[in-house]
Asks: 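The structure is given below, and queries will be raised subsequently.
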Amino acid sequence: LCFPFLVTTPTLENEKLPAEELYKERITLLEEADGYEREEFREWLCNHEKYRKEHGDTEELIPEIANQIGFAKAKSTMRHVMLQDTLRRLPEVLSSLRKDLEQKETEFK
């Protein structure tokens, strides 16, 4: 049995019901949620298997999608973020290094 907050629950067709009836209907949905989620997942697996069979000869994404997601895009984005961070921090790092250098030079004199 799955916990209700971890699964998708179906939605009532009509929620304009008296409070007690609405409560009972929602309890029923929660009781059926595990089966509902299993069916949704089974359907997803079937669609995935169908896609894999139809497109099993290629692991490449459609070019438009590949430009938006995937390792190359992630690598490029991460590199950009790291370089921006480096540029932002560089003056602070250089200042700290100069202070350390001056301190060490003073100690060795």
Side-chain angles (χ1 to χ4, degrees):
L1 178 67
C2 293
F3 295 101
F5 55 88
L6 296 177
V7 297
T8 304
T9 57
T11 305
L12 289 173
E13 289 182 27
N14 178 14
E15 293 195 358
K16 295 178 182 178
L17 302 170
E20 190 172 312
E21 189 177 342
L22 183 60
Y23 176 77
K24 288 178 183 177
E25 290 292 325
R26 287 183 175 168
I27 292 297
T28 300
L29 286 178
L30 289 174
E31 290 170 352
E32 297 170 354
D34 188 53
Y36 177 81
E37 178 72 9
R38 288 180 196 279
E39 181 58 28
E40 291 289 311
F41 187 63
R42 187 195 66 72
E43 186 177 323
W44 179 85
L45 286 175
C46 289
N47 287 334
H48 182 70
E49 179 69 12
K50 179 182 173 190
Y51 179 85
R52 190 186 61 76
K53 287 179 180 176
E54 290 174 358
H55 305 282
D57 58 337
T58 177
E59 294 182 16
E60 295 293 322
L61 294 170
I62 298 170
E64 297 82 32
I65 301 300
N67 289 333
Q68 297 173 21
I69 64 171
F71 180 72
K73 177 66 175 177
K75 185 174 74 171
S76 171
T77 301
M78 287 172 55
R79 183 178 193 86
H80 179 74
V81 168
M82 289 170 60
L83 288 173
Q84 282 184 323
D85 184 60
T86 300
L87 286 173
R88 187 178 59 79
R89 293 175 187 245
L90 195 55
E92 179 184 332
V93 171
L94 288 174
S95 175
S96 177
L97 288 172
R98 283 188 188 109
K99 285 179 186 174
D100 290 347
L101 178 61
E102 289 173 6
Q103 181 184 4
K104 295 302 177 187
E105 287 177 339
T106 304
E107 287 177 11
F108 288 116
K109 286 185 181 180

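Note that these values count all heavy atoms, side chains included, but never hydrogens, waters or copies made by symmetry.
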Asks: Salt bridge (Lys or Arg N to Asp or Glu O under 4.0 Å) between E49 and K53: does it pass, once the steps are laid out?
Replies: CA-CA 6 Å; E49 179 69 12; K53 287 179 180 176; 3.8 Å; yes
Asks: Are there more than 12 heavy atoms of other residues, nucleotides or ligands under 6.0 Å from atom CD of E20?
Replies: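 It does not: E20 CD has 12 such atoms or fewer within range.
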Asks: Do I27 and L22 belong together in a cluster built from hydrophobic side chains that touch within less than 4.5 Å?
Replies: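 Result: no, two separate clusters.
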Asks: With F41, which residues qualify under ring pair (Phe, Tyr, Trp, His ring centres under 6.0 Å), at least two apart?
Replies: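 Checked F41 against ring pair (Phe, Tyr, Trp, His ring centres under 6.0 Å); matches are W44.
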Asks: For the CZ atom of R42 and the SG atom of C46, what is their distance to the nearest 0.5 Å?
Replies: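 That separation rounds to 4.5 Å.
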Asks: Look only at the side chain of S95 and the backbone of P91, and say whether a donor-acceptor pair between them is shorter than 3.5 Å.
Replies: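 Not a single qualifying donor-acceptor pair exists.
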Asks: Just how far is it from atom NE2 of H80 to atom CD of Q84, taken to the nearest 0.5 Å?
Replies: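 Reported to 0.5 Å precision, the distance equals 3.5 Å.
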Asks: Do S96 side-chain atoms and E92 backbone N/O form a donor-acceptor pair below 3.5 Å?
Replies: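 Absent.
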Asks: Cluster partners of V81, using ILVMFWY side-chain heavy atoms under 4.5 angstrom, listed by chain and number?
Replies: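 Its cluster mates, by chain and number: none.
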Asks: Give a yes or no on whether a salt bridge exists between K104 and E107, defined as a side-chain N under 4.0 angstrom from a carboxylate O.
Replies: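 Salt bridge between K104 and E107, a charged N being under 4.0 Å from a carboxylate O: yes.
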Asks: Tell me if the CZ atom of R79 is crowded by more than 12 foreign heavy atoms within 6.0 Å.
Replies: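 No, because the 6.0 Å sphere around CZ of R79 holds 12 heavy atoms or fewer from other groups.
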Asks: Running the 4.5 Å side-chain criterion over Ile, Leu, Val, Met, Phe, Trp and Tyr, what cluster does L90 land in, apart from itself?
Replies: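 Via sub-4.5 Å side-chain contacts, L90 links to L94.
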Asks: Salt bridge (Lys or Arg N to Asp or Glu O under 4.0 Å) between K24 and E21: does it pass, once the steps are laid out?
Replies: CA-CA 5 Å; K24 288 178 183 177; E21 189 177 342; over 6 Å; no
Asks: Is Q103 atom CD crowded by more than 12 heavy atoms from other residues, nucleotides or ligands, each under 6.0 Å away?
Replies: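 Yes, CD of Q103 has more than 12 neighbouring heavy atoms, counting only those of other groups under 6.0 Å.
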